[in-house]
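Take a look at the structure set out below.
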Number of protein chains: 2
Amino acid sequence: MASAATIANSSTAKTHMAEAPMTEEDVCAHVRDSVLERRLAPGTKLTEESLCSIFGVGRTTVRRAFLLLKRDNIVDLHRNRGAVVASPTPAEARDVFESRRMIEHALLQQAASTIAPASITALEDHLEQERTALTAGDVGRWIRLTGDFHLHLARLAGNRVMLEFLKQLVFQTSLIVALYGPSNNGSNCSGGDHAKIVAAMRDGDLSSAQDILDSHLREIEAQLEFNKPEKQNDLVSAFAPMRSA
Amino acid sequence: MASAATIANSSTAKTHMAEAPMTEEDVCAHVRDSVLERRLAPGTKLTEESLCSIFGVGRTTVRRAFLLLKRDNIVDLHRNRGAVVASPTPAEARDVFESRRMIEHALLQQAASTIAPASITALEDHLEQERTALTAGDVGRWIRLTGDFHLHLARLAGNRVMLEFLKQLVFQTSLIVALYGPSNNGSNCSGGDHAKIVAAMRDGDLSSAQDILDSHLREIEAQLEFNKPEKQNDLVSAFAPMRSA
DNA sequence: TGCAGGCAAATTGTCAACAATTTATGGGTA
DNA sequence: TACCCATAAATTGTTGACAATTTGCCTGCA
């Protein structure tokens with residue numbers, strides 16, 4: 001145990017740098033990112049000691065992070081039993097996808113009313129990045145980008161509150177797909193749908209964009225199989241390839 | 001200081017009862033309720049010592065509660081400066097109301113698809129409770145009920161995730177109205193609108209219900225005045241008339 | 001072998017003392 | 001009076017030790 005491979009400040013080995021200590025938000029961000037890129041599987045036990053040594057922070061910080069992650073349904077906390085990466089139930093999965101359809105439908109409408117040509121260009125750039133990551137075989141990055149696409153759409157609506165809500169749902173979706181997603185392939189957010197949505201938005205065809213987004217989400221949900229075994233991950237390797245917040 | 005008037009277990013003075021200690025969720029619930037009923041004004045400083053003695057818990061618990069309340073935008077935390085009841089900016093207020101329109105619009109549609117006669121009856125019961133509280137002059141209870149009405153509607157949609165989101169927005173709304181609401185009267189959620197919504201739902205007229213709900217929220221938002229002084233509350237009295245969670 | 005009981009190790013929960021920072025107070029001077 | 005600076009008080013942040021609980025392991029017995 002206690003592999004002192006701290007991720008924090010891994011580059012500034014022992015210089016005179018200020019060594020800004022990680023906060024609970026930083027730990028949360030790392031865990032969230034690991035969940036998003038499927039390096040942390042649902043059901044994985046997260047001990048305080050592990051995260052302390054991995055991130056080089058005290059128990060207090062890890063403890064606070066757990067509290068916040070629980071609030072976001074990313075971990076489950078059981079008294080005297082510690083933290084476990086959450087395993088959404090099929091019922092919760094249904095609610096998450098239904099919520100995403102409602103929220104993204106509404107956000108698309110809002111975005112369409114004030115969209116600028118530059119925003120369309122930015123979306124097309126994002127599509128290009130998705131393709132690049134996919135052809136390069138960087139699965140983790142590709143998974144992250146497909147999630148970010150939906151957040152990009154949401155940002156166009158200019159509503160911070162809704163954006164935060166959708167963020168939570170994207171993380172939940174990652175857990176759900178990790179649990180119940182099709183194991184044969186890794187493609188659940190097919191790039192084609194994303195491109196079609198951007199095209200519809202560029203043409204000013206809101207209802208088409210909404211329809212495509214809706215069926216896009218329904219399709220992913222339909223591919224879920226609610227009878228699969230769980231996995232377990234190694235913590236250190238799961239957190240290792242992390243970029244700074 | 002340190003008025004040892006603990007709210008927790010106020011009835012079981014010193015009996016042999018188990019004296020279940022309050023958890024951070026309990027403290028959160030109390031603060032949220034106080035915000036909801038306008039006994040805690042935005043800008044009020046919440047010191048750890050105060051809440052410790054009021055609720056009879058240790059600093060650890062209060063600290064955890066602060067963290068969760070910050071996550072919900074109910075308090076602001078500044079390092080070394082403690083917790084303050086949040087004061088949403090006009091921009092945030094705009095986002096909150098826009099979010100409520102989006103979310104409640106979608107939830108109403110969802111609810112309409114599977115609504116049962118019994119649910120309508122329950123809604124009408126709620127309307128009656130609102131009227132009773134209003135005529136009885138129990139303003140705190142009435143304010144809470146007007147908020148609960150919207151949550152009742154949301155519950156009909158059967159989506160826990162969206163219900164939680166709306167809960168957060170209702171609390172935010174309470175802060176916003178406390179800050180910028182019309183000071184001349186106390187009526188911002190006029191009972192008439194609520195009754196009209198229920199009537200439309202009973203008649204199976206979804207779009208009417210949606211329209212009324214939409215304009216209902218727009219009306220409240222339009223009444224906001226974004227140039228008012230803040231208030232400050234006494235903590236003990238603010239938390240005193242609390243019912244158990 | 002299979003299982004119940006109990007001991008030991010590991011993990012989590014709690015608390016109090018101490019450190020760091022901010023806020024309040026009280027002269028002293030222009 | 002108004003302002004500034006130094007000191008004191010109050011509040012928040014952190015750490016470590018200790019308590020409570022769970023978990024794994026090992027023995028003993030049927």
Side-chain angles (χ1 to χ4, degrees), chain A residues 1-4 6 8-9 18-28 31 40 43-71 74-86 230 232-236 238-239, chain B residues 1-4 6 8-9 18-28 31 40 43-71 74-86 230 232-236 238-239:
Chain A
M1 252 127 283
S3 72
T6 66
N9 311 319
E19 292 277 338
M22 261 187 164
T23 173
E24 61 270 7
E25 289 292 347
D26 299 321
V27 175
C28 281
V31 174
L40 256 186
T44 306
K45 174 76 188 296
L46 301 176
T47 65
E48 299 180 356
E49 232 307 305
S50 311
L51 298 206
C52 285
S53 55
I54 288 174
F55 296 118
V57 298
R59 280 181 63 202
T60 308
T61 305
V62 171
R63 209 140 232 282
R64 283 194 290 235
F66 282 167
L67 211 63
L68 293 177
L69 291 169
K70 168 185 176 157
R71 182 65 183 80
I74 290 176
V75 306
D76 286 335
L77 289 181
H78 301 283
R79 179 169 180 95
N80 288 319
R81 290 160 95 288
V84 169
V85 178
E230 296 101 67
Q232 190 82 0
N233 265 8
D234 172 52
L235 289 189
V236 177
F239 286 123
Chain B
M1 250 124 284
S3 71
T6 66
N9 312 320
E19 291 277 339
M22 261 186 163
T23 174
E24 61 271 6
E25 288 293 347
D26 299 321
V27 175
C28 280
V31 174
L40 256 185
T44 306
K45 174 75 187 298
L46 300 176
T47 65
E48 298 180 356
E49 232 307 305
S50 311
L51 297 207
C52 286
S53 54
I54 288 173
F55 296 118
V57 299
R59 281 181 62 201
T60 308
T61 305
V62 170
R63 208 143 235 281
R64 284 194 291 236
F66 282 167
L67 212 62
L68 293 177
L69 291 169
K70 166 181 177 161
R71 183 67 182 78
I74 289 176
V75 307
D76 286 335
L77 289 182
H78 302 284
R79 180 170 180 93
N80 289 320
R81 286 152 111 281
V84 170
V85 178
E230 296 102 66
Q232 192 84 359
N233 264 9
D234 171 52
L235 289 190
V236 177
F239 287 120

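All chains are named by letter (A, B, ...) in the order of the sequence lines, taking the proteins before the strands, and each is independently numbered beginning at 1.
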Expressed in angstrom and rounded to an integer, what is the separation of [X] atom [atom1] from [N] atom [atom2]?
X	N	atom1	atom2	value
B:L77	D:dT12	CG	P	10 Å
B:F66	D:dT14	CZ	P	15 Å
B:E24	C:dT14	CD	C1'	13 Å
A:M22	D:dG13	CE	P	20 Å
A:L46	C:dT11	CG	P	13 Å
B:K45	D:dT11	NZ	C1'	7 Å

Notebook entry, point to check: Who are the side chain to side chain contact (heavy atoms under 4.5 Å, CB included) partners of B:R81, not counting sequence neighbours?
Noted result: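 For B:R81, the residues satisfying side chain to side chain contact (heavy atoms under 4.5 Å, CB included) (neighbours in sequence not counted) are B:H78.
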Next item on the list: List for me each residue that meets side chain to side chain contact (heavy atoms under 4.5 Å, CB included) alongside B:T60, sequence neighbours excluded, and say none if there are none.
Entry: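 So B:T60 forms a side chain to side chain contact (heavy atoms under 4.5 Å, CB included) with B:R64.
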Note to self: Please report the interatomic distance CG(A:L46) to CG(A:L69), rounded to the nearest 0.5 Å.
What the structure shows: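 The CG atom of A:L69 is 8.0 Å from CG of A:L46, to the nearest 0.5 Å.
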Item checked: N or O in side chain of A:R63 less than 4.0 angstrom from C:dG13 OP1/OP2 ->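 Looking at the OP1 and OP2 atoms of C:dG13, one of them is under 4.0 Å from a side-chain N or O of A:R63.
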Next item on the list: Take B:E48 and A:R59, find for each the nucleotide of DNA chain D with the closest heavy atom, and name the residue whose nucleotide sits nearer the 5' end.
Entry: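 Mapping each residue to its closest nucleotide by heavy atoms, the 5'-most match is B:E48.
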Notebook entry, point to check: Considering only heavy atoms from C-beta outward, does the side chain of A:F55 approach that of A:D26 to under 4.5 Å?
Noted result: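 Contact flag for A:F55/A:D26 side chains = no.
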Check: Any side-chain heavy atom of A:E24 within less than 4.5 Å of one from A:L67?
Finding: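 A side-chain contact is absent here, since even the closest heavy-atom pair is not under 4.5 Å.
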Note to self: Can you pull out the residues from residues 78-85 of chain A that lie within a 4.0 Å heavy-atom distance of DNA chain D?
What the structure shows: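 The stretch gives A:N80, A:R81 as the residues lying under 4.0 Å from the strand, ordered by number.
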Margin query: Quick check for you: among D:dT12, C:dT11, C:dC15, whose closest atom lies nearest to any side-chain atom of B:T47?
Written below: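 Of the candidates, D:dT12 comes closest.
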Checklist line | Set of residues satisfying salt bridge (charged side-chain N to carboxylate O under 4.0 Å, His left out) with respect to A:E48, sequence neighbours excluded | finding: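 Checked A:E48 against salt bridge (charged side-chain N to carboxylate O under 4.0 Å, His left out); matches are A:R59, A:R63.
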